[in-house]
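Structure record follows, encoded as structure tokens.
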Amino acid sequence: MVEGEGHLLNILVVDDEKEIADLIELYLKNENYHVFKYYNAQEALACIERENVDLAVLDIMMPDIDGFTILQKIRERFNFPVIMLTAKEEEIDKINGFSLGADDYITKPFRPLEMVARVKAQIRRFTLYNQGSKQNEDIIDFAGLMINKNTRQVFLNERPLSLTPTEFAILWYLSANRGKVISSEQLFQEIWGEKYFNSNNTVMVHIRHLREKMKDSVDNPKFIKTVWGVGYTIEK
């Protein structure tokens with residue numbers, strides 16, 4: 001059973017294509033979510049006022065009121081996650097959705113299991129970020145990478161990474177200091193708690209293992225970048 005703050009999690013699904021809405025409902029119910037499903041915007045807006053919604057999946061192209069308008073109405077009063085659905089691949093739709101407060105964006109046709117994974121990811125992030133400021137300080141989430149210092153969990157594009165304690169400590173430290181170049185000496189002393197005695201190879205080996213697990217390119221890395229002769233950095 002999927003539960004939130006003392007209640008079964010409620011997902012609002014709005015799509016005028018009955019087959020799509022029914023498919024989404026089926027997969028979400030299989031994950032034990034409670035689903036409010038509507039084929040038009042008016043009933044969906046009434047549901048938002050009446051029910052306790054934890055996440056919404058909104059189709060953009062609706063016959064009565066489009067998904068952007070529904071999103072605007074939601075953001076006037078609520079901050080629960082919203083995932084937008086569209087048959088288009090136009091970048092302007094994504095820009096509009098994100099600027100209005102959308103949390104994620106799925107283009108039709110989509111794989112139902114991917115949709116479920118996106119829903120779970122948004123709920124997890126929303127729950128983590130709303131457990132208080134102390135908790136927030138122990139979570140780093142950027143560019144598809146989510147690190148939880150309390151639970152020692154790391155997710156990359158929703159895929160869990162299995163890291164050793166040392167690898168976790170290195171990734172956390174570099175991520176917490178994004179935008180700064182951390183020297184090998186500083187990294188060694190911070191992680192190992194010892195003075196740096198020409199142990200660059202130790203740091204280098206752990207960085208290499210981290211990159212391998214993150215499937216990060218050495219020549220053109222997305223995350224951990226080498227600043228030759230200095231150390232390592234994760235850019236903002």
Side-chain angles (χ1 to χ4, degrees), residues 2 4 8-130 141-146 155-160 215 222 236:
V2 179
L8 196 68
L9 289 179
N10 297 321
I11 311 295
L12 172 67
V13 176
V14 189
D15 197 316
D16 64 316
E17 294 185 71
K18 185 176 185 300
E19 295 79 8
I20 298 294
D22 292 350
L23 180 67
I24 294 173
E25 178 188 37
L26 174 64
Y27 274 82
L28 291 177
K29 282 189 171 181
N30 284 343
E31 296 293 329
N32 293 315
Y33 292 109
H34 183 266
V35 178
F36 297 111
K37 178 186 64 177
Y38 298 99
Y39 307 126
N40 65 79
Q42 292 288 0
E43 288 184 302
L45 289 171
C47 172
I48 293 168
E49 297 296 325
R50 183 178 66 248
E51 305 291 347
N52 181 18
V53 175
D54 295 289
L55 179 144
V57 180
L58 308 178
D59 183 33
I60 291 178
M61 303 299 292
M62 300 285 292
D64 51 349
I65 301 174
D66 66 42
F68 290 140
T69 303
I70 302 174
L71 175 60
Q72 284 180 301
K73 295 287 186 183
I74 290 173
R75 286 294 174 253
E76 287 174 4
R77 293 184 52 196
F78 305 102
N79 66 341
F80 57 76
V82 176
I83 298 175
M84 306 300 292
L85 287 176
T86 182
K88 296 182 178 180
E89 292 187 1
E90 295 179 9
E91 195 67 25
I92 190 65
D93 278 347
K94 293 185 179 181
I95 294 171
N96 286 341
F98 288 136
S99 65
L100 292 172
D103 297 279
D104 203 354
Y105 194 99
I106 301 177
T107 302
K108 300 176 184 176
F110 58 86
R111 292 176 295 176
L113 290 179
E114 178 189 356
M115 179 273 303
V116 170
R118 299 278 190 94
V119 167
K120 288 182 176 180
Q122 290 301 326
I123 287 176
R124 181 174 66 243
R125 287 172 181 160
F126 183 75
T127 301
L128 288 173
Y129 281 126
N130 285 275
D141 192 346
F142 71 100
L145 181 67
M146 196 278 283
F155 291 88
L156 179 57
N157 298 325
E158 317 311 332
R159 178 176 62 90
K215 293 181 169 54
K222 180 180 179 182
K236 285 187 176 181

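We count residues from 1, following the sequence as given. Note that the structure is a prediction, hence the values are computed from the model and not measured.
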Atom CD1 of Ile24 and atom NZ of Lys29: how far apart are they, to the nearest 0.5 Å?
-> 13.5 Å
What is the minimum heavy-atom distance between Val53 and Ile48, and which atoms define it?
-> CG2-CA, 4.4 Å
When rounded to the nearest 0.5 angstrom, what distance separates CG in Asp66 from CE in Met61?
-> 8.0 Å
Check for a donor-acceptor pair, side chain of Asp15 on one end and backbone N or O of Asp59 on the other, with a separation under 3.5 Å.
-> no
Distance col, row Leu55:CG vs Tyr33:OH, nearest 0.5 angstrom, shows 8.0 Å
Check whether any side-chain N or O of Asn10 sits under 3.5 Å from a backbone N or O of Asp54 as a donor-acceptor pair, and report yes or no.
-> no
For residues Ile11 and Glu25, determine if any side-chain heavy atom of one lies less than 4.5 Å from a side-chain heavy atom of the other.
-> no
What is the distance from atom CZ of Arg118 to atom CG of Leu85, rounded to the nearest 0.5 Å?
-> 10.0 Å
Is there a side-chain contact between Asp104 and Pro81, using heavy atoms and a 4.5 Å cut-off?
-> no
Does a sphere of radius 6.0 Å around CZ in Arg50 hold more than 12 heavy atoms from other residues, nucleotides or ligands, not counting ones at 6.0 Å or beyond?
-> yes
Let me see the working for Val82 and Phe80 under side chain to side chain contact (heavy atoms under 4.5 Å, CB included), right down to the final yes or no.
-> CA-CA 7 Å; Val82 176; Phe80 57 76; 4.1 Å; yes
Go through the steps to decide whether Leu45 and Tyr38 satisfy the test side chain to side chain contact (heavy atoms under 4.5 Å, CB included), and finish with yes or no.
-> CA-CA 10 Å; Leu45 289 171; Tyr38 298 99; over 6 Å; no
Charged N-O contact under 4.0 Å between Arg124 and Glu158 | yes
Okay, side chain of Asp141, backbone of Met146: is any donor-acceptor separation there less than 3.5 Å?
-> no
Met84 and Ala102: which non-hydrogen atoms are nearest, and at how many Å?
-> CG-CB, 3.6 Å
Separation between CG of Leu28 and CG of Leu12, rounded to the nearest 0.5 Å = 11.0 Å
Do Tyr39 and Asp64 have side-chain atoms, one donor and one acceptor, less than 3.5 Å apart?
-> no
Partner of Lys108 under salt bridge (charged side-chain N to carboxylate O under 4.0 Å, His left out), chosen from Glu17, Glu19, Glu114 | Glu17
On a heavy-atom basis, the closest approach of Leu58 and Gly67 is CD1-O, 3.9 Å
When rounded to the nearest 0.5 Å, the distance separating CD of Glu49 from CZ of Phe78 is 5.5 Å
Would Glu43 and Val14 count as a side chain to side chain contact (heavy atoms under 4.5 Å, CB included) if you check the C-alpha gap in whole Å, the side-chain angles of each, and the deciding distance to 0.1 Å?
-> CA-CA 9 Å; Glu43 288 184 302; Val14 189; over 6 Å; no
Kindly give the heavy-atom pair with the smallest separation between Ala143 and Asn157, and that separation in Å.
-> O-OD1, 4.5 Å
